[in-house]
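Notes follow once the structure below has been shown.
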Amino acid sequence: KPADWIPLGDTQKVVSPMEMFFELPRKTEFITGSEAARESIRRMNVDIAISYPITPQSETMQQAGYLYDEGYIKDYYRAEEEIGVFSAMAGASRAGVRCLTATAGPGLMRGMEAISSLPGARTPLVIMDMCRVINTPLAIQPDNIEISFMLNTGLLVLHAENQQDFYDYPLIAAMVSEEVDVTLPCAVCVDGFFVTHA
């Protein structure tokens, strides 16, 4: 460790969401959607982030990996496949920790077996979904069909239309999903590439 190393616990401050959204000073930055998501996750106090790579969400979870390395996320690992991701998320949520993952199109559809059980079990967690084509012809262009599948399971769904939304909505998703009167999983969806990489 460098001589000037300071544990994050000594420098981080817990701030109320209302103060963070409405009172703290703002600054303008030009960053990609994945970088905006990283800054949101940095402030989310995530206990565990579980990842499995699929385009276009891989970059966002790579950013989460950097946050884990910096100490902003307590635990982080790559699962073996999408059903494993959402099954692990269900277990982590039931254990009472704040958990987060990201997925996209075909990956989300592969995890639907586990995803569809989350609302019925009242598991508060955050899924970031970078929407992409799930139909033939297979492509990596944005499409929003997967949102309808999530809505039909009973998940709360927010649709972020730009990078600012993709900063705000994951924080809102974490707060809302954990409300005692709610305790439901919440997905934050964006158009893949047009938001994540722009």
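Quick note: numbers below take in every heavy atom, side chains included, and nothing from hydrogens, waters or symmetry partners.
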Would you check if the side chain of [X] reaches a backbone N or O of [Y] as a donor-acceptor pair within less than 3.5 Å?
| X | Y | result |
| --- | --- | --- |
| N144 | I147 | no |
| S93 | A90 | no |
| E35 | Q163 | no |
| R43 | M20 | no |
| S58 | I54 | yes |
| E179 | V182 | no |
| T103 | L108 | yes |
| E70 | Y72 | no |
| T196 | G33 | no |

Rounded to the nearest 0.5 Å, what separation is found between the [atom1] atom of [X] and the [atom2] atom of [Y]?
| X | Y | atom1 | atom2 | value |
| --- | --- | --- | --- | --- |
| H159 | C189 | NE2 | SG | 6.5 Å |
| R38 | Y167 | CZ | OH | 11.5 Å |
| L155 | T123 | CG | OG1 | 8.0 Å |
| F86 | L125 | CZ | CG | 8.5 Å |
| S87 | I50 | OG | CD1 | 9.5 Å |

Non-hydrogen side-chain atoms of L158 and C186 separated by less than 4.5 Å = yes

Pair E178 + R98, salt bridge at N-O below 4.0 Å = yes

Electrostatic pair R132:E146 at N-O distance under 4.0 angstrom |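 Salt bridge absent between R132 and E146.
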
For atom CZ of F193, decide whether the heavy atoms of other residues, nucleotides or ligands shown that lie under 6.0 angstrom number more than 12.
-> yes

Non-neighbouring partners of E19 that pass salt bridge (Lys or Arg N to Asp or Glu O under 4.0 Å), sequence neighbours left out |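 E19: no salt bridge (Lys or Arg N to Asp or Glu O under 4.0 Å) contacts found.
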
With sequence neighbours excluded, what pairs up with S34 under the side chain to side chain donor-acceptor pair (under 3.5 Å) test?
-> E59, T60

Ignoring hydrogens and angles, state whether a donor on the side chain of Q62 or Y66 is under 3.5 Å from an acceptor on the partner side chain.
->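 Their side chains do contain a donor-acceptor pair, which is all the 3.5 Å distance test asks for.
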
